[in-house]
Trainee: 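The structure's right below; bear with me while I get my questions together.
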Amino acid sequence: MRIERNTCYRLAEYAGMLLLLFLLFWRIRHAIFGAQEEYGLFYIAQKGDFFAWLDSVSRETGRITFYVLGWFWAGPMFFSDPIVYKISMYILISVDFICFFWLLKCHIDRKFAVFAVSFILIMLQISHQHNLLITYNYLHIPFILLMISAHLILNYCKGKAGYGAVLVSALCSFAASFFQENFVLFYILIFAIVLYYEKDGAIGKRICSSLWKLKFHVLGGAVFLIVYFSF
């Protein structure tokens, strides 16, 4: 009986979060694009000038990341009906919250994960102005990649996964960097997590050991910075 009751409670919690997510979608149902430049990019994609725009904006801003993020940003805009962009927004927001919930559930507590996700969905301030949640659809992708990266590193540090998890984490972090260069700072958080779980030896030895375990992250971060500043 107690098992069945706990199962019912969990189902009710999940249903509640799902309802809050649907309410969020209802609140943003009228907003297609969240910034003026997105309307401009939609026009560019529909006009057929995307390739020229992509090369021009990448060179003018000196950001090689535009060659990557531009495709994810404008991808749904190649369809003449902007509702495709809206659907992709709903999908990415959903995956973003699912990954956030899973990360908290696995590494903190299920009840806290339910509370945190529900609290955020309730407290979100949504307007038709420049709102990050409904602007720049592509930004959900690097956040998803970084949460997967953190989940894998934590599993490795806790002995729940082999070194392959570190390699996949490095690939996720490297890919996220090419969406927005400031995501390179995430490497610092990854290093702090590994250093926290590195208990043996003096601080210098722990730092060296952590960096060696994160050698693929260090390599990926170095390659990104070289490519970015060379461009």
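Basis for what follows: all heavy atoms, side chains included, without hydrogens, waters or symmetry-related copies. Everything quoted here is computed from the prediction, not taken from an experiment.
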Trainee: Determine the minimum heavy-atom distance between Thr135 and Ala35, stating which atoms define it.
Mentor: CG2-CB, 3.6 Å

Trainee: Is any side-chain heavy atom of Val218 closer than 4.5 Å to one of Phe191?
Mentor: no

Trainee: Please say whether more than 12 non-hydrogen atoms of neighbouring residues, nucleotides or ligands are located less than 6.0 Å from CG in Asp81.
Mentor: yes

Trainee: Would you indicate whether Tyr67, at its atom OH, is surrounded by more than 12 heavy atoms from other residues, nucleotides or ligands within a distance under 6.0 Å?
Mentor: yes

Trainee: Looking at OG of Ser56 and CZ of Phe51, how far apart are the two atoms once the value is rounded to the nearest 0.5 Å?
Mentor: 15.0 Å

Trainee: Restricting to non-hydrogen atoms, name the atom on Ala176 and the atom on Phe183 that form the minimum distance, rounded to 0.1 Å.
Mentor: O-CD1, 3.7 Å

Trainee: May I ask whether Leu139 and Tyr39 are part of the same hydrophobic cluster, defined by side-chain heavy atoms of I, L, V, M, F, W, Y residues being less than 4.5 angstrom apart, directly or through others?
Mentor: yes

Trainee: Does atom OH of Tyr14 have more than 12 heavy-atom neighbours from other groups under 6.0 Å away?
Mentor: yes

Trainee: Any donor and acceptor pair, going by atom type alone, linking the side chain of Arg29 with main-chain N or O of Trp26 inside 3.5 Å?
Mentor: yes

Trainee: Is the count of non-hydrogen atoms from other residues, nucleotides or ligands lying under 6.0 Å from Lys199 atom NZ greater than 12?
Mentor: yes

Trainee: To the nearest 0.5 Å, what is the distance between CG (Leu24) and CD1 (Ile122)?
Mentor: 11.5 Å

Trainee: Kindly work out whether a path of hydrophobic side-chain contacts (I/L/V/M/F/W/Y, heavy atoms less than 4.5 Å apart) joins Trp102 to Ile108.
Mentor: no

Trainee: Report yes if the side chains of Lys215 and Val166 come closer than 4.5 Å at any heavy-atom pair, otherwise no.
Mentor: no

Trainee: Provide the closest heavy-atom pair for Leu41 versus Ala74 in the form atom of the first, atom of the second, distance.
Mentor: CD2-CB, 3.9 Å

Trainee: From Leu189 CG over to Leu185 CG, what is the distance, rounded to the nearest 0.5 angstrom?
Mentor: 10.5 Å

Trainee: Do Ile98 and Leu19 sit in the same hydrophobic cluster, where Ile, Leu, Val, Met, Phe, Trp and Tyr count as joined when their side-chain heavy atoms come under 4.5 Å apart?
Mentor: no

Trainee: Is the closest basic N to carboxylate O distance between Glu13 and Arg110 below 4.0 Å?
Mentor: yes

Trainee: Minimum heavy-atom separation for Ser58 to Phe231, with atom names?
Mentor: O-CE2, 3.3 Å

Trainee: Which is it for Lys205 and Glu198 under the salt bridge (charged side-chain N to carboxylate O under 4.0 Å, His left out) test, yes or no, and what are the steps along the way?
Mentor: CA-CA 9 Å; Lys205 182 181 179 181; Glu198 190 67 40; over 6 Å; no

Trainee: Do you know which of Trp73, Tyr85, Phe72, Phe143 makes ring-ring contact (aromatic ring centres under 6.0 Å, His included) with Tyr138?
Mentor: Trp73

Trainee: Please work out whether the ring planes of Phe66 and Trp53 are parallel, tilted or perpendicular, with thresholds of 30° and 60°.
Mentor: perpendicular

Trainee: Quick check against the 3.5 Å criterion: does Glu38 have a side-chain atom that pairs as donor or acceptor with the backbone of Tyr136?
Mentor: yes

Trainee: According to the ring-ring contact (aromatic ring centres under 6.0 Å, His included) rule, which pairs have a member within residues 198-230, sequence neighbours left out?
Mentor: Phe178-Phe224, Phe224-Tyr228

Trainee: Does atom CZ of Phe78 have more than 12 heavy-atom neighbours from other groups under 6.0 Å away?
Mentor: yes

Trainee: Could you go through the side-chain contact (heavy atoms from CB on, under 4.5 Å) check for Asp200 and Arg206 one step at a time?
Mentor: CA-CA 7 Å; Asp200 298 330; Arg206 290 164 55 200; 5.9 Å; no

Trainee: Picking from Leu214, Leu154, Leu146, Ile153, what satisfies side chain to side chain contact (heavy atoms under 4.5 Å, CB included) with Ser169?
Mentor: Ile153

Trainee: Could you tell me how the ring of Trp71 sits relative to the ring of Phe50: parallel (under 30°), tilted (30 to 60°) or perpendicular (over 60°)?
Mentor: perpendicular

Trainee: Do NZ/NE/NH1/NH2 and the carboxylate oxygens of Asp109 and Lys111 come within less than 4.0 Å?
Mentor: no

Trainee: What pair of heavy atoms forms the shortest contact from Pro82 to Phe33, and how long is it?
Mentor: CB-CZ, 4.3 Å

Trainee: Mind jotting down which residue pairs meet the salt bridge (Lys or Arg N to Asp or Glu O under 4.0 Å) criterion with at least one end in residues 54-64? Sequence neighbours excluded, please.
Mentor: Asp55-Arg59, Arg63-Glu181

Trainee: Please examine the side chains of Phe186 and Ser177, heavy atoms only from C-beta on, and report whether any two atoms are closer than 4.5 Å.
Mentor: no

Trainee: Classify the ring geometry of Phe25 against Phe22: parallel below 30°, tilted from 30° to 60°, perpendicular beyond 60°.
Mentor: perpendicular

Trainee: Could you give the distance from NZ (Lys86) to CD1 (Ile32), rounded to the nearest 0.5 Å?
Mentor: 5.0 Å

Trainee: Is any side-chain heavy atom of Thr65 closer than 4.5 Å to one of Phe179?
Mentor: no

Trainee: Nearest 0.5 Å, please: how far is CD1 in Ile91 from CD1 in Ile93?
Mentor: 11.0 Å

Trainee: Under a 3.5 Å distance rule, please check whether Gln46 uses its side chain to pair with a backbone N or O of Phe79 as donor and acceptor.
Mentor: yes

Trainee: Which value, rounded to the nearest 0.5 Å, describes the distance between Ile28 atom CD1 and Leu23 atom CG?
Mentor: 11.5 Å

Trainee: Give a yes or no on whether the backbone of Leu145 and the side-chain of Ser149 come within a donor-acceptor separation of less than 3.5 Å.
Mentor: no

Trainee: Restricting to non-hydrogen atoms, name the atom on Ile144 and the atom on Val95 that form the minimum distance, rounded to 0.1 Å.
Mentor: CD1-CG1, 3.5 Å

Trainee: Are Met123 and Ile120 connected in the hydrophobic side-chain network, where two residues link if heavy atoms are under 4.5 Å apart?
Mentor: yes

Trainee: Are Val57 and Tyr43 connected into the same hydrophobic cluster when the rule is that any two of I, L, V, M, F, W, Y join if their side-chain heavy atoms are below 4.5 Å apart?
Mentor: no

